[in-house]
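Below is one structure, written out as structure tokens, with a few remarks after it.
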Amino acid sequence: MFFSAPFISAALMALSAVEAVPPVPANGLTERATCSAGYYPNNRGRCTLCPAGNYCPDGQSLSQCGTGQYQPKNGTTTVCPNCPAGTYQPNLGQASCIPAPKGGYVLNSGASSYNEASGGAFTSFRGQNRTCLTCCGYAAVGNGNTNATRCPTGTFAYPGSGSGCFSGQNPGCTVPANCTQLADGTCPAGTSDH
Ligand SMILES: *[C@@H]1O[C@H](CO)[C@@H](O)[C@H](O)[C@H]1NC(C)=O
Ligand SMILES: *[C@@H]1O[C@H](CO)[C@@H](O)[C@H](O)[C@H]1NC(C)=O
Ligand SMILES: *[C@@H]1O[C@H](CO)[C@@H](O)[C@H](O)[C@H]1NC(C)=O
Ligand SMILES: *[C@@H]1O[C@H](CO)[C@@H](O)[C@H](O)[C@H]1NC(C)=O
């Protein structure tokens, strides 16, 4: 079967718009094609732009971003950056990182998972890199707390305690009017973060 010359040249032009043909190796099929850095030879041997989520350091190979890493750009040549603190990435070859959910946090960059805020601590926004401690007279019990709740009248809780509210008055600490985290990650007045 034969194609007309106009058909072939149109097909080649369409192909060359996305894939440049690599130099033919001098010794035939055993030598791998070399593309420009930021490209890799696909399984048909054609130089292809390195996709986001990967990097192509030497024009010969494609490397996936590791877990805890990301690469939003195409055509990169260097190792993928770490996900910033507050975000994580459990999968290989990803273009972006996932913010820690409310009630969770990621302390350090390069994380493949997030932690849940533990008893006596909470986070109220996504993408936090710390937790806030509960205030005097507020409780956050168990893991994954998204806020601190005020102890009922006649009960108390120590700041940062995960034990909940006890009968009696707060000994030696002042109960603030609220115990809320601000959107910029600032923790309630009178508490520290950890
Ligand atoms: C990367 O390439 C893909 C496929 O060509 C394209 O859809 C995408 O917009 C590109 N991304 C960037 C950030 O340029
Ligand atoms: C406070 O946390 C509790 C338990 O996690 C949740 O049910 C409630 O919706 C939260 N309230 C607010 C205002 O976030
Ligand atoms: C909580 O109290 C602080 C002062 O201690 C105040 O700046 C903040 O606006 C209050 N937040 C809410 C939601 O009432
Ligand atoms: C943690 O987040 C705060 C904002 O909530 C930011 O100012 C700080 O630089 C972050 N720390 C790290 C280690 O990313």
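Just so it is clear, the model here is predicted, and its values are computed rather than measured. Positions are given from 1 along the sequence. First listed ligand is number 1; within each ligand, the first listed atom is number 1.
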Check your understanding: Numbering the atoms of ligand 4 from 1, which are under 4.0 Å from a heavy atom of N129?
Key ->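 Selected atoms, number and element: 1 (C), 2 (O), 3 (C), 8 (C), 10 (C), 11 (N), 12 (C), 14 (O).
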
Review point. Which atoms of ligand 4 sit under 4.0 Å from any heavy atom of A85?
Key: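 Every atom of ligand 4 under 4.0 Å from some heavy atom of A85: 14 (O).
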
Review point. Do the side chains of P90 and S113 get nearer than 4.5 Å, heavy atoms only?
Key: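 No, side chains not in contact.
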
Exercise for review: Answer yes or no: is there a side-chain heavy-atom contact under 4.5 Å between C83 and S109?
Suggested key: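 Side-chain contact under 4.5 Å: no.
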
Review point. Which distance, rounded to the nearest 0.5 Å, do you find between the OG1 of T155 and the CZ of R150?
Key: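 Answer for the OG1-CZ pair, T155 versus R150, is 10.0 Å.
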
Check your understanding: How far apart are the closest heavy atoms of P57 and A37, and which atoms are they?
Key ->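 Looking at all heavy atoms of both residues, the shortest contact is O-CB, 3.8 Å.
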
**Study point:** Minimum heavy-atom distance between Y138 and V175, given as atom pair plus value
**Key:**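 In terms of heavy atoms, the two residues are closest at CE1-CG1, 4.0 Å.
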
Check your understanding: Y70 and V79: same hydrophobic cluster, using ILVMFWY side-chain contacts below 4.5 Å?
Key ->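 As far as the 4.5 Å side-chain criterion goes, V79 and Y70 are not connected within one cluster.
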
Check your understanding: CZ of F156: more than 12 outside heavy atoms within 6.0 angstrom?
Key ->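 Yes.
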
Check your understanding: Taking both backbone and side-chain atoms of R130, is any N or O found less than 3.5 Å from an N or O belonging to ligand 4?
Key ->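 No, no N or O pair falls under 3.5 Å.
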
Exercise for review: Collect the protein residues that have a non-hydrogen atom under 4.0 Å from ligand 1 and hand them over in chain and number order.
Suggested key: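 These residues qualify: P72, N74.
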
Point to revise | T146 N/O to ligand 2 N/O under 3.5 Å | key: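 Checking ligand 2 against T146, an N or O pair does fall under 3.5 Å apart.
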
Check your understanding: Within the structure, does T149 bring an N/O atom to less than 3.5 angstrom of an N/O atom in ligand 2?
Key ->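 N/O-N/O distance below 3.5 Å does not exist for this pair.
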
Exercise for review: Decide whether Q128 and Q181 meet the rule of one side-chain donor and one side-chain acceptor closer than 3.5 Å.
Suggested key: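 Yes.
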
Review point. For ligand 4, does D184 get within less than 4.0 Å through its side chain, its backbone, both, or neither, judged by non-hydrogen atoms?
Key: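 Under 4.0 Å from ligand 4, D184 contributes backbone atoms alone.
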
